[in-house]
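To start, the structure under review is shown below, and the notes come after it.
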Amino acid sequence: MFWLDIFCHPVWAAVSALLALVVRAQRRGPWDPKACSVRLRGKTAIVTGANTGIGKFIALDFARRGARVILACRSESRGTAALKEIREKTGNSDVHLRLVDLSSLDSVREFAKGIIEEEKALHILVNNAGASGLPRQITKDGLEISFATNVLGPFLLTSLLLDLMKRSAPARIVNLSSLNHKKGQVDFSHFHGENLIYHMDFVYNHTKLHNIILTNEQARKLKGTGVTANSVNPGIVMTEVIRHYSFMVRCIFNLVGIFFFKSPEEGAVSSIFCAVAEEMEGVTGKYCDSDCHLVLPAPLARDTALAVKDFEVCERLTSKL
């Protein structure tokens, strides 16, 4: 506890805050969303996990550009708070909250049904919501909870909304992944909670690899429709994604993060780039890094035969449940 006492001392806290400001002031990405003049008036966008962190700043940016924005959140209280904040900061009253629990396929279907019935168009879908460090749990659908939340929930949501997006084309799908996908592996028994090691971010890494693989196959299937699909690495970001880790891990993460990690606003930039930038018009099946560069993901993520198999497995799992 000695080191925690030092870090919590007011003088150290003040010095840390000052150093953090200096470091962040020198950290400038190659693409600035505030310098991008693209407007989204007349466009509709959905952002999952928009009540906090990266998702909230993505939704905030879309609202500032004049879009009709739907915050897809699990928590009604936190979603309502985010809704109020975004409306107040942007002056855009066309921002709305819809509840969805991505770990439940029934909830995803109910959410998608409501969108299809209520919305005339859908131009942007950002699958941002995700979780890391969840303890082992099997959902009522018989799925491991991290895979249900990070992979199968977003996969089903995208599938159910595709026809609406095709009718709204040009449209863009942005799926958040992570640099950690490079440490992931593909084992289809993982979907049911088998052969998994629950240590730190091991399970999360596997899910983030699936995100890229499935995005690439989705993009291939969507060629010629006017709907693009790309995956994004937001960088290492100071968000609540680690809330399920131990107290000590959270402390270390937050202390180191003050100096080296991105803020949620900075972490949102690469997703906004893929969703609105003119440079990304018609670009599909790509992986964007945290500095808005299109780069190659890990070799497994580029395996086309594996992508076909992965897509088939996810279709089967979500169609029969």
Side-chain angles (χ1 to χ4, degrees), residues 44-56 58-59 69-86 95-119 122 124-162 164-165 173-178 190-193 196 198 201 203-204 206-208 210-211 214-215 239-245 264 271 313-321:
T44 299
I46 294 176
V47 183
T48 67
N51 61 281
T52 188
I54 294 172
K56 185 169 73 173
I58 295 171
V69 184
I70 298 170
L71 314 181
C73 305
R74 185 177 63 175
S75 168
E76 184 171 10
S77 60
R78 300 180 74 187
T80 299
L83 174 69
K84 181 180 179 182
E85 179 184 345
I86 292 171
V95 181
H96 309 274
L97 173 65
R98 299 289 183 268
L99 300 180
V100 62
D101 179 356
L102 290 170
S103 71
S104 166
L105 299 187
D106 283 344
S107 178
V108 172
R109 291 190 183 96
E110 186 64 24
F111 173 85
K113 181 174 180 289
I115 295 297
I116 293 168
E117 290 175 350
E118 297 169 11
E119 303 299 328
L122 178 58
I124 300 172
L125 172 61
V126 181
N127 286 306
N128 159 76
S132 179
L134 292 175
R136 175 179 165 79
Q137 180 182 338
I138 302 300
T139 70
K140 68 176 184 179
D141 299 310
L143 303 170
E144 196 281 330
I145 192 166
S146 293
F147 276 83
T149 303
N150 295 358
V151 181
L152 291 166
F155 176 85
L156 177 61
L157 177 62
T158 302
S159 299
L160 293 173
L161 297 178
L162 271 183
L164 180 59
M165 298 194 78
I173 300 166
V174 180
N175 294 323
L176 269 73
S177 180
S178 168
H190 287 170
F191 285 115
H192 299 292
L196 282 170
Y198 286 84
D201 53 6
V203 177
Y204 175 80
H206 301 324
T207 66
K208 293 294 104 178
H210 280 278
N211 289 152
L214 293 169
T215 301
T239 70
E240 296 180 10
V241 73
I242 65 160
R243 63 185 178 276
H244 301 288
Y245 288 80
S271 297
V313 169
C314 290
E315 279 188 321
R316 186 170 65 253
L317 287 174
T318 54
S319 65
K320 70 176 183 179
L321 297 174

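Everything numeric here is computed off the predicted structure, so don't read it as measured data.
- The two residues Leu214 and Cys314 have their closest heavy-atom pair at CD1-SG, 3.8 Å.
- Of the candidates Leu176, Val174, Leu102, Thr158, Asn127 forms a side-chain contact (heavy atoms from CB on, under 4.5 Å) with just one, namely Thr158.
- Contacts of Ala72 classified as side chain to side chain contact (heavy atoms under 4.5 Å, CB included), with partners at least two apart in sequence or in another chain: Ile46, Thr48, Val100, Phe111.
- The minimum heavy-atom distance between Ala131 and Tyr204, with the atom names listed, is O-CD1, 3.4 Å.
- The minimum heavy-atom distance between Cys73 and Ala50, with the atom names listed, is SG-N, 3.9 Å.
- Judged as a salt bridge (charged side-chain N to carboxylate O under 4.0 Å, His left out), and not counting sequence neighbours, Lys208 has no contacts.
- Residues passing the salt bridge (charged side-chain N to carboxylate O under 4.0 Å, His left out) test with Glu76: none are found, sequence neighbours excluded.
- Nearest approach of Gly55 to Val47, heavy atoms of both residues: O-CG1, 3.6 Å.
- Of all non-hydrogen atoms in Ala82 and Leu71, the two that sit nearest each other are C-CD1, 4.3 Å.
- The side chain to side chain donor-acceptor pair (under 3.5 Å) check on Lys84 picks up nothing, with sequence neighbours excluded.
- Here CG of Leu105 is found 9.0 Å from CG of Leu317. Values are rounded to the nearest 0.5 Å.
- For Ser75, the side chain to side chain donor-acceptor pair (under 3.5 Å) test picks out Ser77, with sequence neighbours left out.
- Here CD1 of Ile173 is found 11.5 Å from CD1 of Ile124. Values are rounded to the nearest 0.5 Å.
- Distance CG/Leu143 to NE2/His192: 6.5 Å, rounded to 0.5 Å.
- Atoms OG and CD1, on Ser104 and Ile145 in that order, are 10.0 Å from each other to the nearest 0.5 Å.
- A donor-acceptor contact shorter than 3.5 Å is absent between the side chain of Asn175 and the backbone of Asn211.
- For the atom pair NE2 (His96) and CD (Glu119), the distance works out to 7.5 Å, reported to the nearest 0.5 Å.
- Here the closest heavy-atom approach between residue Leu122 and residue Thr44 is recorded as CD1-O, 3.7 Å.
- Atom OG1 of Thr318 sits about 11.5 Å away from atom CG of Leu157, to the nearest 0.5 Å.
- Qualifying side chain to side chain donor-acceptor pair (under 3.5 Å) partners for Glu110, counting only residues two or more places apart in sequence or in other chains: none.
- Checked against side chain to side chain donor-acceptor pair (under 3.5 Å), Ser271 has no partners two or more places apart in sequence or in another chain.
- Pairs of residues two or more places apart, or lying in two chains, that qualify as side chain to side chain donor-acceptor pair (under 3.5 Å) and include a residue from residues 142-154 are Glu144-Tyr198, Asn150-Thr207.
- Using a 4.5 Å cut-off on side-chain heavy atoms (C-beta onward), Thr52 and Arg78 make contact.
- Screening residues 128-149 for ring-ring contact (aromatic ring centres under 6.0 Å, His included), with sequence neighbours left out, gives Phe147-His190, Phe147-Phe191, Phe147-His210.
- For Lys140, the salt bridge (charged side-chain N to carboxylate O under 4.0 Å, His left out) partners at least two apart in sequence or on another chain are Asp106.
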